[in-house]
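Comments concern the structure below.
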Amino acid sequence: QVHVAETGGGLVQTGGSLNLSCIASASGFDDYVMGWFRQAPGKELEGVACISWSGSYTYYTGGVKGRFTISRDNAENMLYLQMTSLKPEDAAAYYCAAGPSNGAECELESNRFEYWGQGTEVTVSS
C-alpha cells in the first residue's frame, strides 16, 4: 500500500511558474514508477508526465513538453513537477500517482497506476 499526497497548487498568472510536490509514504519507493495527471472541470483525466523508478527515464504529454519537468528523490520519497510558462489550459486538479515498476521506463496510462493522491488545484489567470 502506498499513500501519496500532493502539495504546491495555487493561483498563478499566465506565463508564471509553479512547483508541485508529492510525498509517498511507503518503503521501497524506488519500486514504483511515478506520474502526474490532471483533470480540468468537464474534461477527462489527462496524463502529464511520468518517471521511471530510477529517474533516468521521463515521458511528457506533448502539450507540456519543454515547459514542465518531472523529477524524483528516492532518498526522500518525493516526486516533483516544475511547471513554467503556464497557460490557462494548464489549469486543473493535479494528481500524483504511483504504480509498480516493470522495467526501465514508464507508461503514461492511468491504468498503470494503482495509488493516487487527493489532488492539488492549479489555477492560471489570464
Side-chain angles (χ1 to χ4, degrees):
Q1 188 78 13
V2 179
H3 296 281
V4 293
E6 310 89 344
T7 58
L11 172 64
V12 63
Q13 291 186 332
T14 296
S17 299
L18 203 60
N19 295 326
L20 305 183
S21 299
C22 171
I23 185 164
S25 58
S27 59
F29 177 67
D30 55 5
D31 289 336
Y32 296 91
V33 297
M34 300 296 296
W36 287 100
F37 291 79
R38 67 186 180 187
Q39 188 168 27
K43 294 190 176 181
E44 294 186 353
L45 187 69
E46 177 189 24
V48 176
C50 67
I51 188 167
S52 63
W53 70 270
S54 67
S56 63
Y57 177 88
T58 57
Y59 179 84
Y60 298 89
T61 191
V64 308
K65 202 173 296 184
R67 299 189 297 121
F68 291 10
T69 302
I70 188 172
S71 61
R72 65 189 294 165
D73 183 340
N74 286 348
E76 298 293 332
N77 283 16
M78 293 293 296
L79 175 73
Y80 304 100
L81 185 68
Q82 295 175 288
M83 304 186 293
T84 64
S85 302
L86 282 160
K87 305 174 182 180
E89 52 262 43
D90 294 318
Y94 281 71
Y95 299 91
C96 168
S101 176
N102 59 4
E105 299 181 350
C106 61
E107 295 181 58
L108 195 56
E109 298 289 340
S110 58
N111 60 11
R112 294 289 188 177
F113 295 83
E114 298 180 6
Y115 307 103
W116 295 77
Q118 294 297 308
T120 186
E121 197 72 32
V122 172
T123 304
V124 184
S125 63
S126 56

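Predicted, not measured: the structure shown is a model, and the values here were computed from it.
- If you take CE on Met34 and OG on Ser71, they are separated by 11.5 Å, rounding to the nearest 0.5 Å.
- From Glu114, atom CD reaches atom CD of Gln1 across 9.5 Å, with rounding to the nearest 0.5 Å.
- Counting only residues at least two apart or on different chains, the disulfide (SG to SG under 2.5 Å) pairs with a member in residues 44-85 are Cys50-Cys106.
- When the ring-ring contact (aromatic ring centres under 6.0 Å, His included) test is applied to Trp53, no partner is found at least two apart in sequence or on another chain.
- Clustering of Ile, Leu, Val, Met, Phe, Trp and Tyr side chains at separations under 4.5 Å places Phe113 together with Val33, Phe37, Leu45, Tyr57, Tyr59, Tyr95, Leu108, Trp116.
- Evaluation of the side-chain contact (heavy atoms from CB on, under 4.5 Å) rule for Gln118 yields no partner, not counting sequence neighbours.
- For residues 7-24, there are no side chain to side chain donor-acceptor pair (under 3.5 Å) pairs, not counting sequence neighbours.
- Minimum interatomic distance between Ala92 and Ala40 (heavy atoms only, all atoms of both residues): CB-N, 3.7 Å.
- Evaluation of the salt bridge (Lys or Arg N to Asp or Glu O under 4.0 Å) test over residues 68-78, restricted to residues two or more places apart or in two chains, returns none.
- For residues 25-45, the side chain to side chain donor-acceptor pair (under 3.5 Å) pairs, not counting sequence neighbours, are Arg38-Glu46, Arg38-Asp90, Arg38-Tyr94.
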Side-chain donor-acceptor contacts of residues 79-87 below 3.5 Å, not counting sequence neighbours, with atom names and distances?
unit_1: Thr84; atom_1: OG1; unit_2: Arg67; atom_2: O; d: 2.7

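- The side-chain hydrogen bond (donor to acceptor under 3.5 Å, both in side chains) check on Glu109 picks up nothing, with sequence neighbours excluded.
- Cluster membership check: Val12 shares its hydrophobic cluster with Leu20, using side-chain heavy-atom separations under 4.5 Å among Ile, Leu, Val, Met, Phe, Trp and Tyr.
- Every residue two or more places apart in sequence or in another chain that forms a salt bridge (Lys or Arg N to Asp or Glu O under 4.0 Å) with Glu107 is listed here: Arg112.
- Within the structure, the disulfide (SG to SG under 2.5 Å) test picks out the following pairs touching residues 57-102 (sequence neighbours left out): Cys22-Cys96.
- Taking OG1 of Thr58 as the start and CZ of Phe68 as the end, the distance is 14.0 Å to the nearest 0.5 Å.
- Pairing each heavy atom of Gly8 with each of Leu18, the nearest pair is O-CG, 3.6 Å.
- For Ser56, the side-chain hydrogen bond (donor to acceptor under 3.5 Å, both in side chains) test picks out Ser54, with sequence neighbours left out.
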